[in-house]
Amino acid sequence: SDKYGAKYIVMAGMILMSLGGFYLAHFRLDTTTKELILPFIVMGLGMGLSLSPLTNITLYDAPEDEVGGASGVFSTTRQIGSVMGIAILGAVLQTTMLAKTDAHINNLSSLSPSSKQLVTETINDSDFSFSDAKSQELLSNKLREQMISEAKTSASAAAAAVTPQQLADPAFAAAFTKKQAQIQQSMIEQMKQAGQDVATAGKQGFVDSVNYTFNIAAIIALFGAITTLLFSNNRAKN
């Protein structure tokens, strides 16, 4: 950077960070650790090319007796920017995760509209977390109770449609009992499937929000690369 100037080195670093962010924004539920190595290397190279030369650009024109103060102001500003960036992207991640998860929940075919509403209200509670065992147990219990209640209502309606004369027929009674057993078994399987679907929807919502957040970070890094065009490409005088 002393020989050729830091301007285009910083620009290259910011572009690499942007590319790394876009590369990372392709998480899947089955993403492996090995798949993350290359994009993190790209982002790391970008950070390395950006931070040190950026310090040189900032302090290049500062008088010798003010270099210490200028360095302190620069470091403080960078730390504030880092904290603000983490806070903003964290907020984006959190709000996006709820919206993405709600969308996946509403697309589930294994849940009734009332069950979807129950799940959505539960996961939107401020105390809920998919990584918390108590939250998962609470959601599971609420969903089970809701589905059992719906099954009882359906069974009562089916039973009310059967007349005493029909139940007096042994063949009809046997067929009716068999059908009720099948419905019960089907309900058990449906509850298992619903639990798995809700868990998958929660994971997919988190993955989608991570991808969205990395895309936002990549766009910010790309904007940073563009702003380097405003820098002076100062070089060492010797």
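Nothing fancy with the numbering, it's 1 onward along the sequence. What's counted below: heavy atoms across the whole structure, side chains too, no hydrogens, waters or symmetry copies. Everything numeric here is computed off the predicted structure, so don't read it as measured data.
Judged by distance alone, with hydrogens and angles left aside, the side-chain atoms of Thr31 form no donor-acceptor pair with the main-chain N or O of Phe27 at under 3.5 Å. A distance-only check finds a donor-acceptor pair linking the side chain of Thr228 to the backbone of Ala225 [under 3.5 Å]. Not a single donor-acceptor pair under 3.5 Å links the side chain of Lys100 to the backbone N or O of Ser209. A donor-acceptor pair under 3.5 Å is absent between the side-chain atoms of Ser82 and the main chain of Arg78, judged by distance alone. In terms of modelled atom types and a separation under 3.5 Å, the side chain of Asn107 and the main chain of Ala103 share a donor-acceptor contact. Side chain of Ser140 to main chain of Glu137: no donor-acceptor pair is present (N/O by atom type, distance under 3.5 Å, no hydrogens or angles). Checking side-chain atoms of Lys116 against main-chain N and O of Leu108 turns up a donor-acceptor pair under 3.5 Å. One N or O on the side chain of Thr96 and one on the backbone of Val92 form a donor-acceptor pair closer than 3.5 Å.
To the nearest 0.5 Å, the span separating CG on Asp102 from CE on Met97 amounts to 10.5 Å. Note: Leu54 CG to Ile9 CD1 = 12.0 Å, rounded to the nearest 0.5 Å. Rounded to the nearest 0.5 Å, atoms CD1 (Ile105) and OG1 (Thr120) are 6.0 Å apart. For the atom pair OH of Tyr23 and CD1 of Ile41, the computed distance is 10.0 Å after rounding to the nearest 0.5 Å. Note that the CD atom of Glu66 and the OG atom of Ser71 stand 13.0 Å from one another [nearest 0.5 Å]. Note that OG of Ser112 is 10.0 Å distant from CD of Gln117, once rounded to the nearest 0.5 Å.
Side-chain atoms of His104 and Asp197 include no donor-acceptor pair closer than 3.5 Å. With hydrogens and angles left out, the side-chain atoms of Asn141 and Glu145 include no donor and acceptor closer than 3.5 Å.
The heavy-atom pair separating Ile57 from Lys7 by the smallest distance is CD1-N, 3.9 Å. The shortest heavy-atom contact between Met147 and Ala194 is SD-CB, 3.9 Å. Closest approach of Gly48 to Pro53, counting heavy atoms only: O-CD, 4.1 Å. The minimum heavy-atom distance between Leu222 and Ser18, with the atom names listed, is CB-OG, 3.5 Å. Nearest approach of Asn215 to Phe22, heavy atoms of both residues: OD1-CD2, 3.3 Å. Closest heavy-atom contact between Leu49 and Gly13: CB-CA, 3.7 Å.
Leu29 and Phe214 end up in the same hydrophobic cluster when Ile, Leu, Val, Met, Phe, Trp and Tyr side chains are linked at under 4.5 Å. Residues Leu93 and Val207 share a hydrophobic cluster, clusters being chains of Ile/Leu/Val/Met/Phe/Trp/Tyr side chains in contact below 4.5 Å. Met17 and Ile220 fall into different hydrophobic clusters, where Ile, Leu, Val, Met, Phe, Trp and Tyr side chains are chained together by heavy-atom contacts under 4.5 Å. Residues Leu16 and Val10 fall into different hydrophobic clusters, defined by Ile, Leu, Val, Met, Phe, Trp and Tyr side chains chained together at heavy-atom separations under 4.5 Å. Leu38 and Met43 end up in different hydrophobic clusters when Ile, Leu, Val, Met, Phe, Trp and Tyr side chains are linked at under 4.5 Å.
Side-chain contact check for Val198 versus Ile123: every heavy-atom pair is 4.5 Å or farther apart. A 4.5 Å side-chain heavy-atom check between Met11 and Leu229 finds at least one atom pair inside the cut-off. Looking at Leu24 and Val210, their side chains never come closer than 4.5 Å, going by heavy atoms from C-beta outward. For the pair Met84 and Ile80, the minimum side-chain heavy-atom distance is below 4.5 Å. Asn124 has its side chain out of reach of Thr101: every pair of non-hydrogen atoms, C-beta onward, lies at least 4.5 Å apart.
Other residues, nucleotides and ligands contribute only 12 or fewer heavy atoms inside 6.0 Å of the OH atom of Tyr212.
Other members of a hydrophobic cluster containing Leu230 are absent, since no ILVMFWY side chain comes under 4.5 Å of it, directly or through relayed contacts.
Applying the salt bridge (charged side-chain N to carboxylate O under 4.0 Å, His left out) test to pairs two or more places apart or on separate chains, those with a residue in residues 16-39 are Arg28-Asp30, Arg28-Glu35.
Judged as a side chain to side chain donor-acceptor pair (under 3.5 Å), and not counting sequence neighbours, Gln196 has no contacts.
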